[in-house]
Every structure is written in C-alpha cells, then in structure tokens.
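I have placed the structure first, in the form of structure tokens, so that the comments after it can refer back to it.
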Amino acid sequence: MQPKSDELVIAGRSFRSRLFLGTGKFSSGQAMEEAIRSSETEVVTVALRRVDLESNSDDILSHIDRKKILLLPNTSGARNAEEAVRLARLARELGAGNWVKLEVTPDPVYLLPDPIETLKAAEILVKDGFIVLPYINADPILCKHLEEAGCATVMPLGSPIGTNQGIRTLANLEIIIEQSRVPVVVDAGLGEPSHAAQAMELGADAVLVNTAIAIAKDPGKIGLAFRLATEAGRISHLYGSGRAAVRKSATASSPLTGFLEEENRNVHGTF
Amino acid sequence: MYTELFDSIPFSEAITRVLSKTKTDVEFALDRSASGRAVGFEDYLALVSPAADSYLEEMANLSRSWTRKRFGNTVSLFMPMYLSNECRSSCVYCGFSFENKIPRRTLSEPEIRQEAGILRRKGIRHLLFLTGEEYSKTNLEYIKNAVRILREFFDSVSMEIYPLDTQGYADLIAEGVEGLVVYQETYDPDAYSSYHLRGMKKNMRYRLEAPDRGGAAGFRRIGLGALLGLANPYGEMFKLGEHASYISKKYWRSTVQISLPRMRPAEGDFHQTLPVSDREFVRFLFALRLFLPDSGIVQSTRESSKMRDHLAGLAVTQLSVESRTDPGGYSGGTELKQFEIEDIRTIPEVFAMLRDKGLDPVFKDFDRGFLVGAES
C-alpha cells in the first residue's frame with residue numbers, strides 16, 4: 001500500500017520529515033536548536049519581522065543550518081495583502097529566498113487569517129515567482145482558490161494559533177485533504193503530539209508545530225515526541241491500525257446483492 | 001492535463017497494481033469507508049480488485065449508505081436523443097462505424113423539434129443529445145442550432161458528441177449546454193488503437209484531454225466512462241478512477257458523473273473478448289461510490305431492468321429511460337440503432353419501480369435561470 005518512496009514533495013523539493021517547526025516563543029536559541037535536532041524537522045518557519053536578515057549573527061538564523069533545513073520565512077504581523085507582499089519582497093532582496101509562508105492576520109487577538117487578503121497576496125506573490133505556502137482557516141473552497149492561484153501547499157489551521165486546542169476543524173480538514181491537489185499542512189493549534197498524530201492519520205501531508213514545543217518544559221523531548229507522533233500518524237494513515245480486524249460486517253436481513261446469486265446472467269455474452 | 005498523470009503509470013502496471021491488492025487491503029478500505037470517510041485511491045483499487053469479491057454485501061451496504069447521505073432518495077431521469085448516426089470513424093465495436101453499410105441520417109431542424117416535443121410531452125426535462133463523428137454533417141454551427149431548439153423544450157441539455165477544442169466547448173456553454181459527456185471507450189492505448197481504425201477518433205490523446213478542455217471551458221457537469229469489454233477491466237477501472245478523481249479535484253466547480261456501459265450487441269461482427277460479469281460490474285460501481293461519494297453514477301438502458309432496479313439508490317443516481325439509439329427513433333422508428341438496449345420499460349413503469357423502492361424520481365434539478373448569457 002505504501003508508495004515506493006514516502007517523501008513529501010513541495011514545489012519539486014523532497015522532504016523526509018513531515019513535521020514543520022515554528023521558531024517563536026522559545027526560551028533560548030539553544031532550546032530551539034535542541035528542538036530542531038530532536039524533531040528532525042527539515043522546514044523551519046521564521047517570522048520576517050523578528051529576524052535581522054542583514055546581520056550574520058542573528059539570534060534565530062545562527063541556530064539554523066540552512067544547508068539541511070529549509071528556512072521558510074513567514075509574513076506574520078501583516079494585516080493585509082499589501083503588507084504581506086512588501087515584506088516578502090524585501091526579504092527576498094535580502095537573501096531569504098523565494099519560499100514564503102503567507103500569513104495575513106488583521107485580528108490581533110486570535111490572529112485568524114484573512115481569507116480575502118490572503119488570496120489577493122497569494123496571487124501577486126505567485127506571479128512574482130514566490131513559492132507560496134498560505135496559512136488559512138480550514139475553508140475548503142478557499143483552498144481550491146489558492147490552489148488555482150498556484151500556491152505550493154495549503155496550511156489550514158486545526159484551531160486558533162497558540163491555543164493548543166488540537167483539531168477543532170475536523171470536518172473541513174477532511175474535505176480539504178480529500179479534495180486537495182497540493183500538499184495539506186495542518187498548521188496552528190496542535191498542542192499535544194496526539195493532535196499531530198490525528199492530523200496525519202486523517203491524511204494530512206505534514207503538520208506545523210510551534211507553541212507546544214517552544215513552551216514545553218523540555219523542548220528537545222517534546223520535539224522528539226512530536227516527531228514520533230507525526231511518523232506514527234503517517235504510518236497509521238498508510239497502513240491502518242488494526243481496526244479492520246474488529247470491524248463488524250453489516251448483515252442485512254434481505255441481502256442487497258442477493259439478486260446476483262439468483263441469476264448470473266451475462267448480458268453481453270455472444271451476439 | 002490528465003495525460004501527464006495518465007502517462008506516469010502504464011496500463012499494464014495499473015492492472016498489476018489492482019491485482020496485487022489483498023483482503024487486508026480491502027478490509028482497511030472498508031474500515032475507512034465505514035468510519036465516514038471517502039476511501040483513498042489505493043483503497044479504491046483494493047475494492048476494485050478480485051480480493052473484494054467476498055465483501056460484496058458489505059460494499060453494497062456502504063454504497064447504499066453513502067448514496068443516501070449524498071443524494072438522498074432521489075434518482076434523476078433523463079432521455080438521450082441521437083441527432084445523427086453519420087460517422088467518419090471506424091470503431092470496430094460500434095454500430096455507427098463508417099464501415100457498416102447502414103442507412104445514415106442527420107436530423108433536420110423540424111425533425112429535432114418534433115423529437116424534442118415528443119420527449120417533452122413525456123415529462124422529460126433533462127436531455128442528452130448525441131451524434132456520431134461526422135464533423136461536416138454535424139459541425140459546430142449545426143450543434144449550436146440544435147441546442148437553441150432543444151433549450152426551448154428542456155431545462156437541462158447535455159451532449160455526447162465528438163471532442164471539441166476549448167473554444168468550441170465555451171461556445172456551446174454560451175448557447176446553454178450544461179453538461180459534457182466524453183467516454184474514453186478504453187484507457188488501454190494498445191486496445192484503443194486496435195479498435196479505432198480510422199477517423200478523428202483514432203487520436204486517443206485528443207479524446208483523453210477532452211474532459212480537461214471541457215473543465216477549462218466551464219461545463220457544470222462532466223461525464224466520464226469506460227466501455228467495459230474492450231480491454232482489461234482492472235486497468236480500465238484504475239484509469240477511470242484516476243481520471244475522475246483528477247477532474248473532480250482540478251475542475252472543482254464541475255460535478256463529475258461516471259458511467260460504466262457494458263458492451264451490447266451492435267451492427268457489425270465485433271465479438272468482445274473481455275466480458276465483465278455481473279458480480280464484477282456491481283463491485284466496480286460500489287468501489288466508485290465509496291471512492292467518489294459525490295459523483296453521479298449513470299446507468300443506461302444497456303443494462304437489464306433487474307440490474308437497474310437493484311442498483312438504483314444503491315449506487316446509481318441517474319437513469320436513462322425509454323432510450324432510442326436511432327436518430328428520429330422517437331418519431332416513428334427506424335432501424336439504425338447504435339446498439340441494442342436491454343431495459344425497454346416506459347417512463348411510467350420506471351417511475352413506479354422507483355416509487356415502490358422508496359426512491360424519488362426526479363425529472364428536473366436544473367433551471368435555465370442559471371445560464372447567464374444564454375437566456376432564451
């Protein structure tokens with residue numbers, strides 16, 4: 001059942017890890033580095049507003065080995081499309097590359113993404129040559145619009161960012177995963193490794209975790225727990241967990257396929 | 001274009017992939033479906049495979065449950081109208097084949113109007129019109145004109161004609177055609193070239209990409225299908241599932257409809273070599289339902305009344321009725337049929353059958369008010 005290679009491919013780039021890591025809220029650069037190592041993540045998001053791309057000794061960047069890890073700058077803090085586009089372009093000019101996690105969050109309390117401005121910014125950035133990974137609410141129709149706009153993934157939230165509530169958008173995530181032609185990365189709200197496992201079991205292509213690891217007592221250990229949970233969820237999605245063995249077959253009193261036994265006529269036989 | 005995906009897995013490999021599925025794979029797929037999720041592509045292949053044969057009853061139950069959930073108790077009824085049996089292609093299995101020396105006929109405007117009036121008086125609101133592949137006799141202008149006439153009589157007009165380019169499709173949508181049906185006949189390139197000896201239809205890729213062009217043009221409904229009996233059915237089901245899933249995801253504003261016609265007797269001396277049994281046939285339909293719960297499944301009068309009665313509401317959501325496969329057949333009867341039909345019941349008889357089964361026969365579920373720019 002498993003494909004020959006189970007790597008995640010985004011915009012032609014392959015990743016073995018399906019766990020993305022956010023870099024906000026860590027207590028120290030060392031703690032973040034330890035989490036990066038133990039989680040074995042290959043994609044690390046960084047808020048453009050927080051990094052100093054012009055300095056070689058930036059606190060966050062100095063802890064990320066960009067030969068092994070994709071640095072995914074995000075536009076968090078942008079309140080509309082114009083701000084997000086400007087931020088992304090400035091970052092690219094300073095060498096941050098052309099991958100961008102698009103975040104447009106005008107609401108300062110729950111940081112919920114603005115679907116209209118996000119789509120607008122995505123259309124501009126894709127035309128501008130960016131590989132765009134948009135953070136969005138779990139809206140299946142918005143996902144299709146973003147896919148048509150040329151986004152490399154969609155990143156629907158499991159619950160509001162930083163809330164650790166896990167997957168509260170289950171019904172819509174299922175539809176998004178079923179319908180998407182680009183990888184689906186469940187982003188935001190995953191507070192426990194079991195939440196990551198659940199997202200992967202649903203069939204998500206990857207998950208993004210930040211707060212739950214960053215504020216943990218031991219980010220290294222919890223980074224490891226999320227890695228294992230992500231892998232476990234992926235394997236469960238591909239192979240099932242044995243529930244089939246206890247599945248109860250439906251037995252109708254009047255079998256629905258009984259008519260086939262009565263007469264197995266061959267309607268097309270020889271003419 | 002779907003052809004990129006199509007090319008990535010050869011037909012022979014597709015067959016192997018299906019035949020490699022085990023009972024464990026089938027149980028996994030059924031478990032996923034029972035948990036309320038549409039099954040994935042690998043699961044679908046397991047359900048198509050012979051390993052699923054002993055799970056047919058369970059598949060039927062799940063298929064009925066998904067059909068009820070997504071379509072309620074409704075079954076749509078429609079009628080086909082053949083505008084022409086003229087054809088420049090030689091498809092060895094088809095009664096309209098250029099090689100067959102049968103009387104040829106293309107309906108004139110008054111004849112189209114006459115046929116349409118008859119169908120409308122029977123209560124039909126959804127029409128599917130068809131032609132052969134004779135472009136000079138049924139060119140785009142002829143089709144446009146026919147659509148203008150048909151729209152006076154019917155709420156929904158779909159078509160099954162030779163493949164067009166995107167602009168041609170867009171022009172017909174502008175005239176008010178709502179749905180496009182392009183059956184691939186067979187997805188096996190070797191079989192395809194051996195059955196399609198001459199004419200435009202010989203160009204397999206142009207046909208294979210027609211649903212893409214239709215999707216890009218904006219049809220509300222896109223019908224896909226394979227004519228079972230022409231090639232290895234497991235390969236056909238692999239490719240049909242792959243194609244339907246691709247179209248539904250890429251052209252997400254369009255509804256995908258699937259049909260699995262089985263070969264029927266026709267003019268000529270073609271004898272199929274790969275028949276599909278009833279058990280296999282229903283298994284394929286159930287597998288499609290569990291994989292693509294929102295896709296309409298169409299069943300024509302090629303199948304027996306018994307098969308149609310049992311599958312309505314179980315997986316099938318649309319039925320053709322009182323079909324004539326000869327141009328002008330509703331007005332007086334000729335003997336120029338594309339193929340022999342099996343279920344010859346009348347509309348009231350099919351209506352009564354559906355009612356008896358607790359199903360709701362629907363004659364209209366589209367309104368011309370949707371057709372911006374094509375108001376009559």
Side-chain angles (χ1 to χ4, degrees), chain A residues 1-4 6 140-148 154 170-171 173-182 184 201-205 235-271, chain B residues 21-22 24-32 34-38 40 42-43 45-46 55-65 228-229 246 248-250 252-253 262-266 269-272 275-279 281-283 286 293 302-304 306-307 309-311 314 340 342:
Chain A
M1 173 168 291
Q2 191 179 24
K4 280 174 195 161
D6 190 37
I141 301 297
L142 177 61
C143 286
K144 298 309 285 185
H145 283 297
L146 290 163
E147 188 181 289
E148 282 183 341
V154 286
L170 180 64
L173 279 179
E174 284 181 336
I175 295 169
I176 292 167
I177 290 166
E178 189 183 311
Q179 287 295 318
S180 187
R181 298 176 62 234
V182 294
V184 177
E201 277 184 307
L202 286 176
D205 295 282
I235 293 166
S236 175
H237 172 70
L238 291 174
Y239 295 101
S241 55
R243 280 178 300 158
V246 296
R247 196 187 69 255
K248 287 177 183 157
S249 297
T251 47
S253 54
S254 172
L256 297 174
T257 54
F259 70 102
L260 293 169
E261 311 302 336
E262 295 164 24
E263 180 190 6
N264 199 9
R265 182 183 49 86
N266 186 341
V267 294
H268 36 68
T270 51
F271 348 118
Chain B
K21 297 298 179 187
T22 65
T24 306
D25 295 327
V26 175
E27 290 186 359
F28 180 53
L30 293 172
D31 181 47
R32 197 192 292 273
S35 73
R37 281 185 248 161
E42 294 295 328
D43 301 324
L45 299 184
Y55 299 88
L56 205 57
E57 183 63 18
E58 192 170 347
M59 287 175 72
N61 273 287
L62 286 166
S63 179
R64 180 174 66 171
S65 167
L228 297 178
Y246 162 88
S248 70
K249 286 181 181 182
K250 180 153 187 189
W252 54 278
R253 294 173 186 83
R262 286 194 284 183
M263 281 300 301
R264 295 288 303 143
D269 57 359
F270 176 70
H271 294 269
Q272 64 178 5
V276 171
S277 74
D278 288 354
R279 280 187 77 83
F281 179 65
V282 299
R283 189 171 82 233
F286 296 155
R302 283 170 181 261
E303 293 297 333
S304 68
K306 184 176 181 182
M307 189 66 85
D309 290 2
H310 282 94
L311 289 173
L314 206 54
E340 296 290 336
E342 178 84 3

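So that the names make sense, note that chain A is the first sequence line, chain B the second, and so on, each numbered from 1. Predicted, not measured: the structure shown is a model, and the values here were computed from it.
- Proximity of A/L256 to B/L56: side-chain heavy atoms (C-beta onward) are nowhere separated by under 4.5 Å.
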Dump the intermediate steps for salt bridge (Lys or Arg N to Asp or Glu O under 4.0 Å) on B/R37 and A/E201, then the final yes or no. CA-CA 12 Å; B/R37 281 185 248 161; A/E201 277 184 307; over 6 Å; no

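- Separation of atoms CD (B/E58) and OG1 (A/T257) is listed at 11.0 Å; rounding is to 0.5 Å.
- Contact record, B/K306 with A/F259: NZ-O, 3.9 Å, taken as the closest heavy-atom pair.
- With contacts defined as side-chain heavy-atom distances shorter than 4.5 Å, the pair A/K144/B/K249 qualifies.
- Checked by atom type, the side-chain pair B/W252/A/E147 shows no donor-acceptor distance below 3.5 Å.
- Listed here is the closest heavy atom pair of A/H237 and B/R32: O-NH2, 3.1 Å.
- Residues that satisfy the side chain to side chain contact (heavy atoms under 4.5 Å, CB included) test with B/D309, not counting sequence neighbours, are B/R345, B/M353.
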Could you walk me through whether B/T24 and A/Y239 satisfy the side-chain contact (heavy atoms from CB on, under 4.5 Å) test, starting with their C-alpha distance in whole Å, then the side-chain angles of each, then the deciding distance to 0.1 Å, before giving a yes or no? CA-CA 10 Å; B/T24 306; A/Y239 295 101; over 6 Å; no

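- Closest approach of A/Q179 to B/S248, counting heavy atoms only: OE1-O, 3.8 Å.
- Here B/F281 pairs with nothing under the ring pair (Phe, Tyr, Trp, His ring centres under 6.0 Å) rule; sequence neighbours left out.
- Within the 4.5 angstrom heavy-atom criterion, only side-chain atoms of A/E174, from C-beta onward, approach chain B.
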